[in-house]
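Below, chain A is the first sequence line, B the second, and so on; all start at residue 1.
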Amino acid sequence: MSPAPKRALHDLTATEAAALVRDREISSLALVEALLDRIARFEPGLRSFVTVDEEGARAAARAADAELARGQGRGPLHGVPFAAKDIYDAEGLPTTAGYPPLANNVAKADSFAVARMKAAGAVLVGKTVTTQFASGDPSPTRNPWRADRTPGGSSSGSGAAVAARLVPIALGTQTGGSILRPAAYNGVVGLKPTYGRISRRGVVPLSWTLDHTGPIVRTVEDAALALGVLAGHDPLDPRSLQESSFDPGLASQPLPRPRLGLLVDFVERADADVRAHLDQVVARLSEAGAAISEIRLRSSFDLYAAAHRLTLQTEAGAVHAAWIARDREQYSPRIKSDAMVGQLVPSWAYLQAQRVRRRLAAETSELASAVDAFLLPTASNVAPGPETTGDPSFQSPWSLLGWPSISLPSGVSADGLPFAVQLVARRLDEATLLRVALRVEKVMAFTGRPPEQAAG
Amino acid sequence: MAGLRCDPSQTTDDVLQALERAADAAWGASALSDLRGSLKATARAIWLISQESLAPGETEP
């Protein structure tokens with residue numbers, strides 16, 4: 001085996017790690033051991049994992065190394081460690097969803113996404129913290145940039161673990177803003193693909209027509225790589241798209257002069273420091289050749305939020321009806337009250353929300369026809385205090401419409417917290433989304449990372 | 001659910017009061033204080049949605 005790479009193993013992106021393992025310059029076991037050491041060092045303060053499967057990860061890494069020694073490569077993530085939010089089933093490990101009665105709910109099989117990752121050669125290190133049932137109640141996870149701020153939610157542990165260099169990839173889910181907001185607050189990359197692009201089978205539901213699965217990573221290249229592994233039709237998910245596979249090669253080159261629509265309805269609602277930062281982002285992208293035009297929504301910002309709220313709440317009310325009736329004292333306050341009130345929403349209001357949702361998709365699609373992607377802040381603010389998971393209103397419209405969106409870190413605030421920008425593309429156009437994102441990533445050249453001492 | 005019909009002339013307070021009555025009936029008066037925030041936000045969303053004019057043949061869910 002060749003000398004070890006110059007960069008620390010925990011700093012490797014998934015793409016870099018996969019190449020080094022494939023070329024046998026590092027072993028998967030060495031990579032896993034480096035990350036397990038780091039988890040042991042930082043996890044007591046960070047609290048991003050529910051379960052760390054040390055022996056399972058070591059066994060899988062040894063198997064991956066042995067396969068390569070025999071000349072057998074499983075796939076593009078061979079030997080690369082990953083984690084999964086604790087609402088994904090992973091065979092032999094508990095899926096608790098942050099709900100105490102599920103503490104011993106050991107999964108009998110892998111969820112579709114975890115199975116896809118393993119089939120591509122990835123090594124599961126453990127399960128990351130979720131807010132209870134992937135809803136809005138804060139989790140115990142801390143933000144690695146500042147321990148007195150939220151890491152966001154609901155994929156709190158996935159965002160924090162990737163930012164703290166505990167894993168290069170973690171699976172998250174998004175029903176409102178639960179992939180992009182933790183990515184933004186933790187200074188990493190989060191991709192929410194088109195609804196139905198990645199199967200939800202084996203993932204604890206919150207709201208059937210809003211639930212999305214996707215990766216949290218540190219580069220756009222890794223987001224494309226992970227999407228290529230995860231996307232694909234699943235006949236056992238009734239909403240899985242037939243044509244859902246994705247070729248990462250379609251997103252290998254940045255779009256040199258992207259046409260971006262700046263969504264001013266969102267910008268106007270952002271905090272002053274976020275607005276000032278976005279002005280700088282727009283200036284830098286324009287200097288780099290992007291054509292940026294201002295776009296106003298045709299319907300009100302609040303209408304998107306209302307349709308999203310009624311959809312989520314009514315569906316969550318139905319999802320949780322049996323458990324709420326039986327044992328609601330174990331529920332956290334926000335998911336409990338939302339699921340209880342969700343059962344009171346009249347059928348006409350839910351159906352009217354679905355009609356409005358379809359109309360919003362049509363009119364937003366017209367707005368998107370002249371641009372490659374929308375540009376907006378990922379969140380209205382930088383990470384707030386730990387009493388909240390933050391503001392989902394800038395991410396949830398894209399969950400409502402089912403359009404692909406991605407969050408990229410773009411700077412650091414005076415408070416030492418990451419800023420992030422969000423890009424949104426039309427349904428099923430992840431190729432353009434990721435090509436634009438590659439360009440934005442290159443122009444912004446973000447190199448920030450959490451201070452080591454804060455993570456601990 | 002008496003009073004909570006699709007009626008654009010209702011105010012947000014009308015919708016909230018109807019939801020509170022429904023919550024009282026479903027979950028009991030003791031639960032109302034815990035549900036207050038969610039009831040208010042949901043009432044506002046229902047009211048906003050009810051203001052949207054959609055013709056019978058327009059936009060199937």
Side-chain angles (χ1 to χ4, degrees), chain A residues 135-137 176 209 298-317 320-321 324-325 328-329 331-363 388 391-393 396 400, chain B:
Chain A
S135 190
D137 298 283
T209 71
R298 291 193 185 152
S299 292
S300 77
F301 177 92
D302 290 343
L303 191 60
Y304 287 79
H308 181 269
R309 180 174 191 90
L310 293 178
T311 304
L312 192 160
Q313 204 163 7
T314 310
E315 293 182 9
H320 287 281
I324 285 281
R328 65 176 180 260
E329 295 316 309
Y331 274 70
S332 296
R334 284 194 61 170
I335 175 63
K336 179 168 69 175
S337 62
D338 281 346
M340 289 168 71
V341 174
Q343 293 183 42
L344 309 176
V345 174
S347 56
W348 66 261
Y350 176 79
L351 289 167
Q352 189 89 338
Q354 303 319 300
R355 298 178 76 191
V356 166
R357 184 182 188 181
R358 191 172 286 269
R359 199 189 73 201
L360 291 174
E363 65 187 40
T388 173
D391 174 13
S393 65
S396 61
L400 180 73
Chain B
M1 196 179 298
L4 198 45
R5 62 192 187 281
C6 186
D7 178 358
S9 71
Q10 290 186 122
T11 66
T12 50
D13 279 347
D14 293 335
V15 177
L16 178 58
Q17 286 166 19
L19 265 186
E20 285 174 342
R21 287 194 296 274
D24 189 355
W27 304 113
S30 61
L32 282 181
S33 61
D34 288 344
L35 302 181
R36 192 80 59 199
S38 187
L39 287 167
K40 200 170 175 182
T42 304
R44 164 83 184 157
I46 290 174
W47 177 82
L48 203 57
I49 286 286
S50 74
Q51 301 304 300
E52 293 301 304
S53 172
L54 294 164
E58 182 188 352
T59 317
E60 192 173 308

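Listed by chain and number, the residues in a ring-ring contact (aromatic ring centres under 6.0 Å, His included) with His308(A) amount to none (sequence neighbours excluded).
Only the side chain of Ile324(A) has a heavy atom closer than 4.5 Å to any heavy atom of chain B. Proximity to chain B (any heavy atom under 4.5 Å) is shown, for Arg334(A), by neither the backbone nor the side chain.
Looking at Gln352(A), its side chain does come within 3.5 Å of a backbone N or O of Glu52(B) through a donor-acceptor pair. Trp348(A) contributes no side-chain N or O that, together with a main-chain N or O of Ser50(B), makes up a donor-acceptor pair within less than 3.5 Å. Within the 3.5 Å criterion, the main-chain N or O of Glu58(B) finds no donor-acceptor partner in the side chain of Arg359(A).
Within the model, atoms CG of Leu344(A) and CD1 of Ile46(B) stand 8.5 Å from one another, a figure rounded to the nearest 0.5 Å. Residue Asp302(A) holds its CG atom at 5.5 Å from CZ of Arg44(B), rounded to the nearest 0.5 Å.
Of the listed residues (Thr42(B), Leu39(B), Asp34(B), Leu48(B)), the one with the most heavy-atom contacts under 4.5 Å to chain A is Thr42(B).
Defined by atom type and a distance below 3.5 Å, a donor-acceptor pair is present between the side-chain atoms of Ser38(B) and Asp338(A). With no hydrogens or angles considered, no side-chain donor-acceptor pair links Gln354(A) and Thr59(B) at under 3.5 Å.
Taking each heavy atom of Ile49(B) and Ala306(A) in turn, the nearest pair found is CG1-CB, 4.2 Å. Heavy atoms only, all atoms of each residue included: Pro56(B) and Arg355(A) are closest at O-NH2, 3.8 Å.
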Under 3.5 Å, which donor-acceptor pairs do the side chains of residues 22-31 of chain B form with other protein atoms, sequence neighbours left out?
residue, atom, partner, partner atom, Å
Asp24(B), OD1, Ala29(B), N, 3.3
Trp27(B), NE1, Met340(A), O, 3.2

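Put simply, the side chain of Val345(A) does not reach to within 4.5 Å of the side chain of Leu19(B), judged on heavy atoms.
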